[in-house]
Amino acid sequence: MRLNRYISVSGFASRRRGEIYIREGRVRVNGEAVTDPARDIVPDRDQVTLDGNLLRVNPEKRYYVLNKPTGVIVSMSDTHGRANVQNLLGEETRGVFPVGRLDADTSGVLLFTDDGDLAHHLTHPSFGVEKIYRAVVRGRVNGEDVRRIGEGIVLDDGPAAPARLCILESAGETSTVEITLHQGRKRQVRRMLEAVGHRVITLERTAFDGITAKGLPLGSYRPLTREEVEQLKEQSKAPSPACGRGGRG
Ligand code: URA
């Protein structure tokens, strides 16, 4: 692979920045300064250093959780100059992509990885991964709303699967609820709650397949712990709800 790509795959710098480092003479291959970004590198054979630090092409997959703030779109770039999640991630995360989506006006747990297999398990509808949301809505949510959402309501693009709705607080003109879904349709939580007469004021995803952003300030991210990654992989081996389990968790 080309030297500038090797540097970007190592996660140390973007391909363009790597090219600058190379032209500045800061990169050595097997001890020799190389200023040609196209120099061919064989990862298992060549030793590449930047300012004396050994760069490794890390074969290990990477996993992060971001506590997404509202007002940020889930895209790694945006031609309209809107704030996007890429702006919140550091250089070392280069190459990861978001696992699924959250609306710009939703905050909370958003996973990133470069592990395509796990991302597929986490997002494909047939696996029914559990997502938990906390919403503040207009009006008083009552037992009848809980029952209707629990039985599965019909949305304009078809029936939504039954979901668990818990009332955390219902007083005055607003209520706070927690809703657990095993689907991920467009603006699904907002549409389900609106279907039972409650417009969503704020929406936060508090858990994605058991991963939370507890203790992470809004806009910050952290790598998943080894235990968390193992937990996700274990769960992804479980049979999908399409085989008759009715959802995990
Ligand atoms: N449901 C929504 O309405 N919005 C989200 O961002 C996620 C789930």
Side-chain angles (χ1 to χ4, degrees), residues 64-78 80 82-89 96-113 119-139 141 145-146 148-168 174-214 216-221 232 235 241 247-249:
Y64 298 91
V65 55
L66 167 74
N67 192 1
K68 182 186 121 31
T70 56
V72 175
I73 60 167
V74 178
S75 159
M76 296 305 266
S77 62
D78 186 53
H80 298 93
R82 290 172 298 183
N84 63 73
V85 290
Q86 169 83 80
N87 305 143
L88 299 171
L89 301 178
V96 300
F97 51 85
V99 178
R101 309 194 64 76
L102 278 181
D103 300 333
D105 48 353
T106 303
S107 63
V109 174
L110 183 63
L111 301 184
F112 289 83
T113 186
H120 173 74
H121 277 284
L122 292 173
T123 52
H124 196 278
S126 66
F127 294 100
V129 160
E130 181 182 271
K131 285 153 264 184
I132 305 178
Y133 298 85
R134 179 181 292 235
V136 176
V137 300
R138 290 207 194 288
V141 176
D145 303 326
V146 172
R148 286 179 63 197
I149 293 225
E151 283 179 356
I153 51 171
V154 178
L155 298 174
D156 50 13
D157 56 352
R164 187 161 51 109
L165 181 67
C166 297
I167 304 170
L168 303 180
T174 63
S175 309
T176 305
V177 295
E178 185 177 85
I179 182 163
T180 304
L181 293 191
H182 294 268
Q183 290 183 304
R185 277 153 55 184
K186 200 164 175 222
R187 294 181 81 78
Q188 185 165 353
V189 172
R190 290 171 209 278
R191 291 190 295 139
M192 286 172 79
L193 289 167
E194 195 147 352
V196 294
H198 300 286
R199 200 177 179 81
V200 170
I201 303 168
T202 63
L203 183 62
E204 176 193 1
R205 182 154 69 193
T206 55
F208 189 124
D209 212 12
I211 306 296
T212 75
K214 279 191 191 120
L216 260 186
L218 271 177
S220 302
Y221 67 97
L232 288 178
Q235 287 167 178
R248 288 205 300 256

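Order of listing sets the numbers, starting from 1, for every ligand and every atom in it.
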- Task: Closest by any non-hydrogen atom to atom 3 (O) of ligand 1: pick that one out of Arg185, Arg187, Arg191, Gln183.
- Result: Arg187
- Pick one of side chain, backbone, both or neither for how Leu181 approaches ligand 1, counting any non-hydrogen atom pair under 4.0 Å. neither
- Which protein heavy atom lies closest to atom 4 (N) of ligand 1, and at what distance to 0.1 Å? Asp103 OD2, 2.6 Å
- Message: Distance check, rounded to the nearest 0.5 Å: Ile153 atom CD1 versus Glu194 atom CD?
- Response: 10.5 Å
- Item | Cationic N near anionic O, under 4.0 Å, Arg191 to Asp157 | yes
- Query: Partners of Glu178 by side chain to side chain donor-acceptor pair (under 3.5 Å), sequence neighbours excluded?
  - Reply: none
- Quick one: which ligand 1 atoms are inside 4.0 Å of a heavy atom on Thr106? 4 (N), 5 (C), 6 (O)
- Query: Which of the atoms of ligand 1 are close to Tyr133, meaning less than 4.0 Å from one of its heavy atoms?
  - Reply: 7 (C), 8 (C)
- Message: Quick test: of every protein heavy atom, which one is nearest to atom 1 (N) of ligand 1, and how far off is it to 0.1 Å?
- Response: Val189 N, 3.1 Å
- Task: Answer yes or no: is there an ion pair linking Lys68 with Asp103, defined by an N-O contact shorter than 4.0 Å?
- Result: no
- Partner residues of Leu88 under the side-chain contact (heavy atoms from CB on, under 4.5 Å) criterion, sequence neighbours left out: Leu66, Pro69, Val72
- If you measure only the distance, is there a donor-acceptor pair under 3.5 Å linking the side chains of Ser107 and Arg205? no
- Which of the numbered atoms in ligand 1 are below 4.0 angstrom from a heavy atom of Leu102? 6 (O)
